Amino acid sequence: METGSLSAFEVIEQELARGANLSIISLVNAVLFEAQQMRASDIHIDPSAKGVRVRLRVDGVLHEAYEFSKDIHEEVIARIKVLAGLRTDEHAASQDGRFSYQLPDGSRAVDLRVSIVPTYHGENAVLRLLTQHQEHKSLASLGFSKGDQAKIRTALKRQSGMLLATGPTGSGKTTTLYTILNMLNRPEVSIVTIEDPIEYAIDNIEQIPVQARTGLTFANGLRSILRQDPDIIMVGEIRDKETASIAVNTALTGHLLLSSVHTSNAATTLPRLLDMGIDPYLVASTVTAAIGQRLVRSICNACKKAYQEEGNTLYKGAGCDACSGSGYAGRLTINEVLVADQEVHDAILRRASAQELEAIAIQAGMTTMREDGLAKVRAGKTTLEEVLRVTHE
């Protein structure tokens with residue numbers, strides 16, 4: 001796409017103004033470039049009765065971007081299908097694909113994961129933007145406190161056991177696990193992952209994508225990995241009893257295993273494994289720590305302002321060009337790290353509830369996600385509204 005001195009948004013407006021003479025290729029390229037410039041993680045292209053709405057998810061929140069005429073809807077979807085190697089003649093079934101987009105300035109490529117689903121008003125498309133290589137991050141840059149960093153490092157010093165990250169979709173679990181993998185990535189260590197999908201490529205680590213069509217599931221892939229002589233294994237997600245059982249036994253036999261589980265907080269992770277049919281003794285013997293986390297938007301440093309609230313000095317972004325008027329720029333985690341010490345071990349054996357496990361962990365010094373979030377509000381890193389938004393449950 002030749003943008004010259006025009007911004008991506010201006011190219012989009014210019015193309016739409018051309019009416020029947022617009023270039024679908026230039027339009028789609030400009031949408032992709034605009035999303036990258038806006039630091040969007042996802043592009044939503046949704047048809048309605050009258051037009052096609054395009055929204056960008058920036059820092060976890062969807063924003064209206066622009067609207068296309070319904071006349072070009074099918075051509076836009078067809079172009080995305082061509083890029084992702086999908087069938088252009090299939091309109092009644094969902095399709096998933098992937099492609100790489102080279103930025104116009106030639107600086108780097110962006111991988112995009114594509115999901116197309118038929119809806120009442122026609123096919124919609126959701127594109128997830130993924131850089132080909134994860135930016136080098138540390139636990140500190142993600143938002144982990146010094147105390148929680150120390151807990152994670154202590155858990156990683158063990159040669160075996162399971163370290164689990166938990167939270168809803170889009171809470172940054174994969175980024176946290178990748179950051180930990182980079183910390184462990186040394187020439188004398190063999191690291192193998194099985195993921196669905198592979199989000200980022202990591203040098204010197206063997207990464208295996210789940211392939212449902214060929215029967216390569218998390219469970220089957222984990223069995224195959226064990227024949228690859230690994231020291232450290234990452235399983236993208238523990239979803240079912242079979243995967244959980246193999247993961248626990250893997251951790252029990254001299255491997256360090258990292259994975260994620262979909263639960264609301266760190267304490268709920270342990271009963272979840274019991275619900276999957278794993279024996280309490282095995283859970284107590286293998287889980288070393290559980291990390292619960294959410295992502296909150298960071299206050300934009302370019303327009304950050306202090307204000308008083310009930311005698312406290314808090315901060316918020318006033319809104320500026322740098323943050324497109326939102327007052328926020330980027331995200332960080334609020335988190336909690338539950339260490340599976342002897343008291344937690346004993347509580348698991350008697351099938352204690354998540355509430356009891358959380359109370360034991362707090363007594364032992366665990367900072368909850370909400371407490372961690374409030375500390376970051378006081379430090380001027382995020383806002384009270386953001387912390388309450390993501391910890392409302």
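Remember, predicted model here, so these are calculated numbers, not experimental data.
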Query raised in the report: Is a donor on one side and an acceptor on the other found under 3.5 Å between the side chain of Arg158 and the backbone of Thr288?
Result: no

**Report entry** Expected output: side-chain Arg87 to main-chain Glu90 donor-acceptor under 3.5 Å
**Finding:** no

If you look only at distance, which donor and acceptor atoms sit under 3.5 Å apart when one is on a side chain in residues 313-339 and the other is two or more places apart or in another chain?
{"unit_1": "Thr313", "atom_1": "OG1", "unit_2": "Gln308", "atom_2": "NE2", "d": "2.8"}
{"unit_1": "Ser326", "atom_1": "OG", "unit_2": "Cys323", "atom_2": "O", "d": "2.9"}
{"unit_1": "Ser326", "atom_1": "OG", "unit_2": "Tyr328", "atom_2": "N", "d": "3.1"}
{"unit_1": "Ser326", "atom_1": "OG", "unit_2": "Tyr328", "atom_2": "O", "d": "3.0"}
{"unit_1": "Tyr328", "atom_1": "OH", "unit_2": "Thr383", "atom_2": "OG1", "d": "2.8"}
{"unit_1": "Thr333", "atom_1": "OG1", "unit_2": "Leu142", "atom_2": "O", "d": "3.0"}
{"unit_1": "Thr333", "atom_1": "OG1", "unit_2": "Asn335", "atom_2": "ND2", "d": "2.5"}
{"unit_1": "Glu336", "atom_1": "OE1", "unit_2": "Met369", "atom_2": "N", "d": "3.0"}
{"unit_1": "Glu336", "atom_1": "OE2", "unit_2": "Ala266", "atom_2": "N", "d": "3.0"}

Requested in this report: State plainly whether the residues Arg113 and Glu199 are in salt-bridge range, i.e. N to O under 4.0 Å.
Outcome: yes

Query raised in the report: Quick one: do the Thr176 and Gln293 side chains pair a donor with an acceptor below 3.5 Å?
Result: yes

Requested in this report: With sequence neighbours left out, write down each residue that passes salt bridge (charged side-chain N to carboxylate O under 4.0 Å, His left out) with Glu309, or none if nothing qualifies.
Outcome: none

Query raised in the report: Could Glu242 and Arg223 be called an ion pair, given the rule that one side-chain N must be under 4.0 Å from one carboxylate O?
Result: yes

Requested in this report: State the OG1-CD distance between Thr193 and Gln207, to the nearest 0.5 angstrom.
Outcome: 4.5 Å

Report summary line: Taken to the nearest 0.5 Å, the spacing of Arg297 CZ from Glu385 CD works out to 10.0 Å

Query raised in the report: Going through the distances and angles, do Glu74 and Arg79 end up as a salt bridge (charged side-chain N to carboxylate O under 4.0 Å, His left out)?
Result: CA-CA 9 Å; Glu74 290 185 4; Arg79 175 58 184 165; over 6 Å; no

**Report entry** Euclidean distance, Leu181 CG relative to Ile232 CD1, rounded to 0.5 Å
**Finding:** 7.5 Å

Query raised in the report: Any chance the side chains of Ser298 and Thr382 put a donor and an acceptor closer than 3.5 Å?
Result: no

Report task. May I ask you to decide if Ser245's main-chain N or O and Asn249's side chain share a donor-acceptor pair within less than 3.5 Å? Result -> yes

Report task. Would you give the length of the straight line joining atom CD of Gln159 to atom CG of Asp231, rounded to the nearest 0.5 angstrom? Result -> 8.0 Å

**Report entry** Beyond-backbone contact of Tyr66 with Val31, side-chain heavy atoms, under 4.5 angstrom
**Finding:** yes

Query raised in the report: Between Arg294 and Asp372, is the closest basic N to carboxylate O distance under 4.0 Å?
Result: no

Report summary line: Between the CD1 atom in Ile194 and the CD1 atom in Ile233, the distance rounded to the nearest 0.5 Å is 10.5 Å

Requested in this report: Of all the heavy-atom pairs spanning Asp279 and Leu274, show the shortest one and how long it is.
Outcome: C-CD2, 4.3 Å

**Report entry** salt bridge (charged side-chain N to carboxylate O under 4.0 Å, His left out) between Lys173 and Glu237, worked out
**Finding:** CA-CA 10 Å; Lys173 299 185 298 295; Glu237 185 184 345; over 6 Å; no

Query raised in the report: Looking at Asn220 and Gly215, what are the two nearest heavy atoms and their distance?
Result: ND2-O, 2.8 Å

Requested in this report: Look at the side chain of Asp341 and the backbone N and O of Ala361, then say whether any donor-acceptor pair between them is shorter than 3.5 Å.
Outcome: no

Report task. Please round to the nearest 0.5 Å and tell me the distance separating atom CG of Leu127 and atom CZ of Arg98. Result -> 12.0 Å

Query raised in the report: Cut-off 3.5 Å, side chains only: do Ser26 and Asn29 have a donor facing an acceptor?
Result: no

Query - Donor-acceptor under 3.5 Å (Lys81 side chain, Gln95 main chain) - result: no

